[in-house]
Protein chains: 2
Amino acid sequence: MTKREQILEVAEELIAENGFEATSVRSLASKAGINVAMISYYFGSKEKLFEALVEYRAGFLREKFQTLNKEVEDPLLRMEQMIDAYVDRIFSHHRFHRILHRQMMSTKSTVSNENILNILLKNAGEVKKMIQDGEQKKVFRKVDIEFTIAMLIGTISQIAVSCLLTSRIVGVNPNTESIHDEQYKVRAKIFLTNLMRTHLTGK
Amino acid sequence: MTKREQILEVAEELIAENGFEATSVRSLASKAGINVAMISYYFGSKEKLFEALVEYRAGFLREKFQTLNKEVEDPLLRMEQMIDAYVDRIFSHHRFHRILHRQMMSTKSTVSNENILNILLKNAGEVKKMIQDGEQKKVFRKVDIEFTIAMLIGTISQIAVSCLLTSRIVGVNPNTESIHDEQYKVRAKIFLTNLMRTHLTGK
DNA sequence: CAATACTAAACAAACGTTTAATTTAAACAA
DNA sequence: TTGTTTAAATTAAACGTTTGTTTAGTATTG
């Protein structure tokens, strides 16, 4: 791992925890064990460090979804595998996705936010294709596709990102971080799969 | 409206737009047309202003949900009215709920966050009662109640709060703010009602 | 020896908060 | 109604920190 990546990993951790604005370059440098000036040296500015972080982590899901759209024909099976991959990815990179979704709650359209928006829109586009194809194949009934995608994103975010609330609702042990609990993840997958099957097929 | 409330309204607007950390007391005072010192004078500190804001807006939904639980017997009808009230409230106070849900994405447990958490947990408790009662009356089938609530919260947040993304997915005119579009709200209600009915009854 | 990596120190700007002085508003007595 | 008193409301200015960034100089490395 290069020093640059090392800084990005620490940045992800701190920004996920405290938010972008509340994360100072000094705390970042301190945690990464480097000099403050290195952030400007490597990235130019704090803002550009953030953009670099987005570049660093993005694109994984879209590639996976595109593969699924090409290689799995059965709409229901494909949907299950999509949920499986989606939940896996978000749980394994929950910090980054917390940053993404927190940023999407902003109303300001900065350069970084436009980047994030494009990444998520492409992912959404692949999911849309899945549902449309299933509808065309008469496996899925007609649903509000756009709101279905919003529901999917919103639910996963709520479960994996907004865990301060959800872990309390679900009542998991607050000592063990729910996001690292394998059982919690499996339960999320089962819930989402059942929900989407019922919603899309009516059965 | 008192001066105090006037400050709270402006605070809500700015914090919803830029986040708590990124909202300076000076920009707040400027927009409210008051002196910076008035914030300390009325609230003591920036942090306490935030707590005052939470107090100022909280509690509305819980009272509504409690009334529904007492007065409406049919589980399905009650669920529909709950969704109706929930969506109405969040759309009419979308700025405040953006603040709430952004804060719930944090991992830090400050005094303010504990306040927010308690408010939302009480709301969730009322929804839980609704689902449990419907289950007992054999109108609803057995579902993962906790995750169902998380799905409900997550979906509404996604639709109403994270509108930078969702309005693009849904494809509404970005000129007209979707949150103020009556049709968008109606569509959200229809979607959620259908989704929950199918999910809870299997029909 | 030249280029890259790194550091400590300083920079101006912005932050939340406090101070001390001033204006405003209400209450009271003549 | 008038002038006086008193407390609340409001102000401009300054406080000490902390912010992101830059500079100028020092190690390190190929």
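By convention in this document, chain letters (A, B, ...) are assigned in the order of the sequence lines, proteins followed by strands, and residues within each chain are numbered from 1. All values derive from a computational prediction rather than experimental measurement.
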Grab the [atom1]-[atom2] distance between [X] and [N] for me, whole Å please.
X	N	atom1	atom2	value
Lys46(B)	dG16(C)	NZ	P	4 Å
Glu47(B)	dT17(C)	CD	C1'	14 Å
Arg26(A)	dT7(C)	CZ	P	15 Å
Lys48(A)	dG20(D)	NZ	P	16 Å
Ile39(A)	dT23(D)	CD1	C1'	17 Å
Ile34(B)	dA9(D)	CD1	P	13 Å
Phe50(A)	dT21(D)	CZ	C1'	20 Å
Gln6(B)	dA9(D)	CD	P	14 Å

Compare the minimum distances between each of dT11(D), dC15(C), dT21(D) and the side chain of Ala37(B), then state the nucleotide with the smallest one. dT11(D)

Side-chain atoms of Asn35(A) come closest, of dA8(C), dT17(C), dT19(C), to dA8(C)

For [X], which contact category applies under a 4.0 Å heavy-atom criterion: base, sugar-phosphate, or nothing?
X	value
Ser40(A)	base
Thr23(A)	sugar-phosphate
Phe43(A)	nothing

Does [X] place a side-chain N or O at less than 4.0 Å from the phosphate oxygens OP1/OP2 of [N]?
X	N	value
Tyr41(A)	dA5(C)	yes
Lys3(A)	dC6(C)	yes
Ser24(B)	dC15(C)	yes
Tyr42(B)	dT10(D)	yes

Please give the nucleotide sitting opposite dA30(C) as a Watson-Crick or G-U wobble pair, both distances under 3.5 Å, or none. dT1(D)

Tell me yes or no: between the side chains of Gln158(A) and Thr166(A), is some donor less than 3.5 Å from an acceptor? yes

Is Glu71(A) salt-bridged to Arg78(A), cutoff N-O under 4.0 Å? no

Would you kindly check if the NZ (Lys) or CZ (Arg) of Lys48(A) is within the cone defined by 45 degrees around the ring axis of Tyr42(A) and under 6.0 Å from the six-membered ring centre? no

Can you see which heavy atom on Ala16(A) is nearest to which on Arg102(A), and at what distance? O-NH2, 2.6 Å

Glu9(B) and salt bridge (charged side-chain N to carboxylate O under 4.0 Å, His left out): which single residue from Lys3(B), Arg57(B), Arg95(B) fits? Arg57(B)

